[in-house]
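Here's the structure we're looking at; comments come further down.
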Number of protein chains: 2
Amino acid sequence: MSTRAKAVPDRRRAILDAAVRVFARQGFHACRVSDIADEAGVAYGLLYHYFPSKEEVLNTLFLERWGVMLEMIREVDRKPVPVREKLGAIASFIIDSYRHDPDLMKVIIVEVTRAANSFGQTHLGQIREAYRLIGEIVTKAQQEGIFKADIDAEFAAMTFYGAIEQVLTGWIFGLLPQGEEDLERAKQMVVETVCGGLECSPPISSA
Amino acid sequence: MSTRAKAVPDRRRAILDAAVRVFARQGFHACRVSDIADEAGVAYGLLYHYFPSKEEVLNTLFLERWGVMLEMIREVDRKPVPVREKLGAIASFIIDSYRHDPDLMKVIIVEVTRAANSFGQTHLGQIREAYRLIGEIVTKAQQEGIFKADIDAEFAAMTFYGAIEQVLTGWIFGLLPQGEEDLERAKQMVVETVCGGLECSPPISSA
DNA sequence: TGAGTGATTGATTGATCAGTCAATCTATCC
DNA sequence: GGATAGATTGACTGATCAATCAATCACTCA
């Protein structure tokens, strides 16, 4: 309602932001609601004024971010550019998301995307939609004769997204170096590797 | 000690097997120790006779299986066969493990391998060792001039293992079809895609 | 000014569950 | 047969924590 600057501190936002930090640090199951409240500098009960449950805080975080990603993929797919560019844009978006807010990406991947039980189950539809959209991009490339037609598109989408997620996991676990240039190289390498494996014709050596 | 047939029922094993089913069904955090005991047809307290904690049951399951896999990778690497065959053997082993005991693989992936907090942390060393071994195979292929030298071996290992794990996750989530022939095709496709992307020379079109 | 609305507080409740332990059972050996 | 050791039982304890709620506070508008 009010656009007045400085007016009311947005407690809801503060709680969400605090939750990201706490979930990333301790994990959803291991942290207490009071940890989130403390981190947000807010009373315990206030969380329940804004959210019906601890779980709903996580759901909100996930849906907020995942929605942006789905919209981005749809938009990229509409553009008349080559597959490599489309997949490159998706890889860039996800990796830049990590660069911009590693804690949030950690929470989404660890607590939702990779949690087959609990939350993964709840958001299966959203997750599946991402695979479906990427699969569509692959299918089109196959129809254009750019990608091999004998590889299942869903499968290829899974491989592509899986490779990116695994690299993020590597960063999250501290298994891979994550300097500025590592992130940029990762974008190229994921696209290079996956497209290289999917394309029909041998890549033209430009070196 | 005794090899007498039928003699003593192995309660420890019964508890471990029951735990696999319960963890797969409900998840480690969501299930109660009593669920495991009930599933094993054993009294609550007996679990604590064989294991110091609920957590240690999961640790045991993971280490048992992961150890077999690491040993298998080492063995494959010793053989004087081409990279494709080595990576193919690894993919086969993991996918066959899933075929043979999908619940166990689900538990290992969902509760350990992909759980950056909690258990992933504990077993980081073991997990890292797998990446390292696969990375070594890649490095050798690079030295032999079979794989592109400009791609980080650790990164390639991550991509390879990530693709497999993602496909397993697809099966676990029910996102990909998992008939006999799907499993076999997956082995080929993972190796095909990843090697295709990593190899120097264009793949010889055999079609 | 003061009534009304919604934000904010944190002590309390109620339920859940991991882990303990004293008692009982079974097998084995002298 | 009876003594010892280990296996097995499940009621119980103690701690934890999500969620509730009655009370207080801050702000708006008439």
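Numbers restart at 1 for each chain; the letters A, B, ... are given by sequence-line order, proteins then strands. This one's a predicted model, so the numbers in the text were calculated from it and none came from an experiment.
Between A/His123 and A/Phe62, the ring planes lie tilted relative to each other; the angle falls in the 30° to 60° range.
The shortest side-chain heavy-atom distance between B/Arg32 and B/Asp35 falls under the 4.5 Å cut-off. In this structure, B/Leu16 and B/Tyr50 have side chains that are not in contact, with every pair of non-hydrogen atoms separated by 4.5 Å or more. Taking the side chain as every heavy atom from C-beta outward, B/Glu39 and B/Arg25 approach each other to under 4.5 Å. Side-chain contact check for A/Lys187 versus A/Asp96: some heavy-atom pair is nearer than 4.5 Å. Contact annotation: the side chain of A/Met69 approaches that of A/Ile94 to within less than 4.5 Å [non-hydrogen atoms, C-beta and beyond].
A/Arg114 and B/Thr169 are not linked by any side-chain donor-acceptor pair at a separation below 3.5 angstrom, with hydrogens and angles left out of the test.
Residue B/His49 places at least one side-chain N or O closer than 4.0 Å to OP1 or OP2 of D/dA7. The side chain of B/Arg11 contributes an N or O atom lying less than 4.0 Å from OP1 or OP2 of D/dT8.
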Whether each nucleotide of nucleotides 16-21 of chain C has a protein heavy atom under 4.0 Å at its base (B), only at its sugar-phosphate (S) or at neither (-) is summarised, 5' to 3', as -SBBB-

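The CG-C1' distance, from A/Leu47 to C/dA7, rounds to 14 Å in whole Å. Residue B/Asp10 contributes atom CG, which lies 13 Å from atom C1' of D/dA7 at whole-angstrom precision.
For the helix from C/dT1-D/dA30 to C/dC30-D/dG1, the angle separating the two terminal helix axes comes to 10°, with each axis derived from five pairs and the value rounded to 10°.
In this structure, the nucleotide among D/dA7, D/dG10, C/dA7 sitting nearest to the side chain of B/Leu46 is D/dA7.
Within the 4.0 angstrom heavy-atom criterion, no nucleotide atom of any strand lies near B/Phe51.
From B/Ile134, atom CD1 reaches atom CG of B/Asp77 across 10.5 Å, with rounding to the nearest 0.5 Å.
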